[in-house]
Enquirer: 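My questions will all concern the structure given below.
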Amino acid sequence: MTTALITGITGQDGPYLAELLLSKGYDVHAVIRGQNNPKLPMVRATVPDVILHTGDLTDITSLVRAVDASQPDEVYNLGAISYVAWSWDNPHVTTNVTGHGVLNMLDAIRLHAGDEANRVRFYQASSSEMFGKVQEVPQRESTLLWPRSPYGVSKVFGHYMTINYRESYGMHASSGILFNHESPRRGPEFVTRKISIAVARIKLGLQDTLALGNLDARRDWGYAGDYVEAMWRMLQQPHGDDYVVATGVTHSIRDVLDVAFRHIGVEDWSRHVTQDPRFMRPADVEELRGDATKAREVLGWEPNVGFEELIDMMVENDLSEQSVQAR
Ligand code: GDP
């Protein structure tokens with residue numbers, strides 16, 4: 001039986017990846033942070049067959065313990081403090097977890113497996129935020145990185161450390177440069193989910209307006225359930241490598257609003273949406289669009305869920321979640 005260890009099981013992608021691996025017959029372990037983690041009930045309810053180990057990306061001892069206990073064939077490092085806007089206010093903790101945490105995980109594997117470390121396959125969740133002030137459109141694996149936030153800088157550190165451990169020690173280490181990916185499990189601080197929750201509440205008469213920041217920012221949004229498949233495929237290759245995972249199509253925040261409001265029968269959303277400087281960023285990323293040619297050609301990966309289907313799925317989910325909460 002193949003065994004996987006996942007960090008970041010309380011985030012959006014961890015449960016999707018765990019479901020995928022369990023469906024393939026894997027033994028799935030995960031690291032979970034802290035005492036009485038408030039997301040523990042969600043993890044237990046969503047993926048009850050995952051074996052949990054307490055640990056923290058900033059504490060290498062706990063990672064070594066988790067690796068020793070689980071004896072993984074594959075390690076997926078999805079753990080990070082991943083909210084870009086928050087990273088300006090908390091740059092040090094973001095760097096410790098999102099950046100230095102990657103090095104801790106890589107070293108935990110090496111300390112555990114010694115000369116055999118290259119038998120453990122490693123996936124690092126890199127991010128399109130590394131492209132920041134984009135140097136070409138669309139962005140591919142070779143595009144110069146120019147991060148625009150402490151979060152992006154931390155992800156660049158993790159990305160290069162993954163490449164460095166591959167080149168220095170021959171580790172089977174891969175970095176997936178994933179563009180924004182969303183789902184009904186997306187955290188409510190991200191703009192798509194913020195919109196889908198608010199639109200559902202407007203439909204149910206629970207609120208009337210929604211305050212947002214920059215409506216002209218564009219992102220390449222895909223479906224998280226499709227993206228975890230790409231992670232798994234990377235680790236099934238003969239060698240570690242780096243891959244952009246994206247749809248290749250961008251939309252603006254206004255487009256998200258169009259689709260979400262249309263779902264509840266509202267064509268003109270202008271009276272429901274205000275702009276608030278609190279949600280503007282010191283340096284925003286204007287247009288992220290990925291070129292996933294390599295993932296398509298080498299991994300045979302392509303996205304299944306399109307933009308409108310994704311936003312519809314999220315609003316539909318929030319209509320039922322919010323109506324349950326309102327009762
Ligand atoms: P990110 O790409 O990982 O930062 O994902 P987000 O969903 O947090 O943000 C995507 C884009 O939406 C960014 O360019 C934000 O500036 C823009 N945006 C506009 N209004 C908001 C808002 O109210 N909240 C968030 N999170 N983003 C917003």
Side-chain angles (χ1 to χ4, degrees), residues 8 11-13 78-91 94 97-99 125-134 137-139 145-156 158-159 176-202 207 209-224 227 244-261 269-270 272-290 307 310-311 313-315 318:
Q12 170 186 242
D13 295 356
L78 313 185
I81 293 182
S82 62
Y83 184 33
V84 174
W86 195 83
S87 76
W88 276 280
D89 294 334
N90 303 272
T94 300
V97 176
T98 305
S126 286
S127 162
S128 56
E129 288 291 324
M130 302 191 306
F131 295 122
K133 188 173 170 190
V134 298
V137 180
Q139 297 88 46
L145 304 178
W146 198 302
R148 292 267 276 174
S149 62
Y151 168 80
V153 173
S154 305
K155 281 288 182 186
V156 170
H159 176 68
I177 307 173
L178 269 54
F179 281 62
N180 294 53
H181 44 289
E182 321 292 311
S183 73
R185 294 178 183 164
R186 188 63 146 150
E189 67 275 31
F190 293 90
V191 75
T192 53
R193 187 80 197 285
K194 182 172 170 181
I195 291 172
S196 67
I197 292 173
V199 166
R201 291 176 62 82
I202 288 169
Q207 75 183 62
T209 56
L210 157 68
L212 292 170
N214 178 8
L215 301 184
D216 297 312
R218 300 184 73 85
R219 288 288 185 280
D220 177 335
W221 279 292
Y223 171 52
Y227 284 36
V244 162
V245 178
T247 70
V249 182
T250 65
H251 293 275
S252 66
I253 311 299
R254 291 178 197 279
D255 297 333
V256 180
L257 289 164
D258 284 343
V259 177
F261 274 100
W269 42 258
S270 55
H272 292 293
V273 177
T274 58
Q275 273 191 284
D276 187 328
R278 275 188 305 141
F279 300 113
M280 302 285 186
R281 297 179 178 185
D284 206 356
V285 170
E286 289 295 332
E287 175 149 12
L288 287 175
R289 177 152 69 87
F307 174 72
L310 171 64
I311 302 300
M313 179 203 304
M314 293 175 70
V315 176
D318 284 320

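FYI, side chains are in, hydrogens and waters are out, and symmetry mates aren't considered; it's all heavy atoms of this structure. In this text the structure is predicted, and so the values were computed from the model without any measurement. When a ligand or atom number is given, it counts from 1 through the structure's own listing order.
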Enquirer: List ligand 1 atoms under 4.0 Å from Val84, heavy atoms only on the residue side.
Expert: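 Once the distances to Val84 are compared, the set is 3 (O), 4 (O).
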
Enquirer: Give the residue and atom name of whichever protein heavy atom lies nearest to atom 16 (O) of ligand 1, and the separation in Å to one decimal.
Expert: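 Checking every protein heavy atom, the shortest distance to atom 16 (O) of ligand 1 gives Asp284 OD2, 2.7 Å.
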
Enquirer: If you count the non-hydrogen atoms of other residues, nucleotides and ligands that lie under 6.0 Å from CH2 in Trp146, is the total more than 12?
Expert: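 No, not enclosed.
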
Enquirer: Do Asp216 and Ser252 have side-chain heavy atoms sitting under 4.5 Å apart?
Expert: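 Contact flag for Asp216/Ser252 side chains = no.
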
Enquirer: Would you mind checking which non-hydrogen protein atom is closest to atom 13 (C) of ligand 1, with the distance to 0.1 Å?
Expert: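 Protein heavy atom at minimum distance: Arg219 NH2, 3.3 Å.
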
Enquirer: Which heavy atom of the protein is the closest neighbour of atom 22 (C) of ligand 1, given with residue, atom name and distance?
Expert: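 Of the protein heavy atoms, Lys194 NZ, 3.7 Å lies nearest.
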
Enquirer: Does any N/O atom on Asn180 come nearer than 3.5 Å to any N/O atom on ligand 1?
Expert: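 Yes, since at least one N or O of Asn180 sits under 3.5 Å from an N or O of ligand 1.
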
Enquirer: Any side-chain donor-acceptor pair under 3.5 Å between Gln139 and Ser128?
Expert: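 No pair is found: no donor N or O on one side chain lies under 3.5 Å from an acceptor on the other.
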
Enquirer: Based purely on interatomic distance, does Trp221 place a nitrogen or oxygen under 3.5 Å from a nitrogen or oxygen of ligand 1?
Expert: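 N/O-N/O distance below 3.5 Å does not exist for this pair.
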
Enquirer: Polar contacts were defined as any N/O atom of the residue lying under 3.5 Å from an N/O atom of the ligand; does this apply to Arg186 and ligand 1?
Expert: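 For ligand 1, there is no N or O atom that lies under 3.5 Å from one belonging to Arg186.
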
Enquirer: Which class fits the ring pair Tyr83 and Phe190: parallel under 30°, tilted 30 to 60°, perpendicular over 60°?
Expert: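 Correct class here is perpendicular.
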
Enquirer: In the protein, which heavy atom is nearest to atom 8 (O) of ligand 1, and how far is it?
Expert: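 Of every protein heavy atom, Arg281 NH2, 2.8 Å lies nearest to atom 8 (O) of ligand 1.
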
Enquirer: Need the ligand 1 atom indices (1-based, order shown) with element for anything under 4.0 Å from a heavy-atom of Glu129.
Expert: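 Contacts of ligand 1 toward Glu129, numbered from 1: 1 (P), 2 (O), 3 (O), 4 (O).
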
Enquirer: Find the distance between OG1 (Thr192) and CG (Asn180) and round it off to the nearest 0.5 Å.
Expert: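 Output value for this atom pair is 8.0 Å.
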
Enquirer: Of the choices Val256, Asn214, Thr192, which has the non-hydrogen atom that lies closest to atom 19 (C) of ligand 1?
Expert: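 When every heavy atom of Val256, Asn214, Thr192 is considered, Asn214 comes closest to atom 19 (C) of ligand 1.
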
Enquirer: Does the side chain of Lys194 reach to within under 4.5 Å of the side chain of Leu212, using non-hydrogen atoms?
Expert: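 Yes; the side chains approach each other to less than 4.5 Å.
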
Enquirer: From the options Val256, Leu310, Val191, select the one residue that forms a side chain to side chain contact (heavy atoms under 4.5 Å, CB included) with Glu182.
Expert: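 Testing each of Val256, Leu310, Val191 against Glu182, the sole residue satisfying side chain to side chain contact (heavy atoms under 4.5 Å, CB included) is Leu310.
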
Enquirer: Looking at ligand 1, does any of its N/O atoms fall within less than 3.5 Å of an N/O of Val191?
Expert: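 So ligand 1 has an N or O lying under 3.5 Å from an N or O of Val191.
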
Enquirer: Check each heavy atom of Glu189 against ligand 1 and say whether those closer than 4.0 Å belong to the side chain, the backbone, both or neither.
Expert: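 Just the backbone.
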
Enquirer: Could you tell me which atoms of ligand 1, counted from 1 in the order shown, lie closer than 4.0 angstrom to a heavy atom of Gly213?
Expert: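 In order of number, 19 (C), 20 (N), 21 (C), 23 (O).
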
Enquirer: Can you tell me how far CG of Asn214 sits from CZ of Arg281, rounded to the nearest 0.5 angstrom?
Expert: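 These two atoms lie 9.0 Å from each other.
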
Enquirer: Under 4.0 Å between a Lys/Arg side-chain N and an Asp/Glu carboxylate O for Asp318 and Arg193?
Expert: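 The answer is yes: the pair qualifies as a salt bridge.
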
Enquirer: Give, for atom CG of Leu288 and atom CZ of Arg218, the distance between the pair rounded to the nearest 0.5 Å.
Expert: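 If we round to the nearest 0.5 Å, Leu288:CG and Arg218:CZ are 11.5 Å apart.
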
Enquirer: Quick one: pull up OG1 in Thr94 and CD1 in Ile81 and give me the separation to the nearest 0.5 Å.
Expert: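 So the OG1 of Thr94 and the CD1 of Ile81 are separated by 5.0 Å.
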
Enquirer: Counting each atom of ligand 1 from 1 as listed, which ones have a heavy atom of Ala217 under 4.0 Å away?
Expert: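 Once the distances to Ala217 are compared, the set is 14 (O).
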
Enquirer: Within ligand 1, which atoms have a heavy atom of Ile253 less than 4.0 Å away?
Expert: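 Contacts of ligand 1 toward Ile253, numbered from 1: 11 (C), 12 (O), 17 (C).
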
Enquirer: With a 4.0 Å cut-off on heavy atoms, is Tyr83 touching ligand 1?
Expert: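 It does; at least one heavy atom falls under 4.0 Å.
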
Enquirer: Which ligand 1 atoms, with their elements, are less than 4.0 angstrom from a heavy-atom of Phe279?
Expert: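 With Phe279 as reference, the close atoms of ligand 1 come out as 23 (O).
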
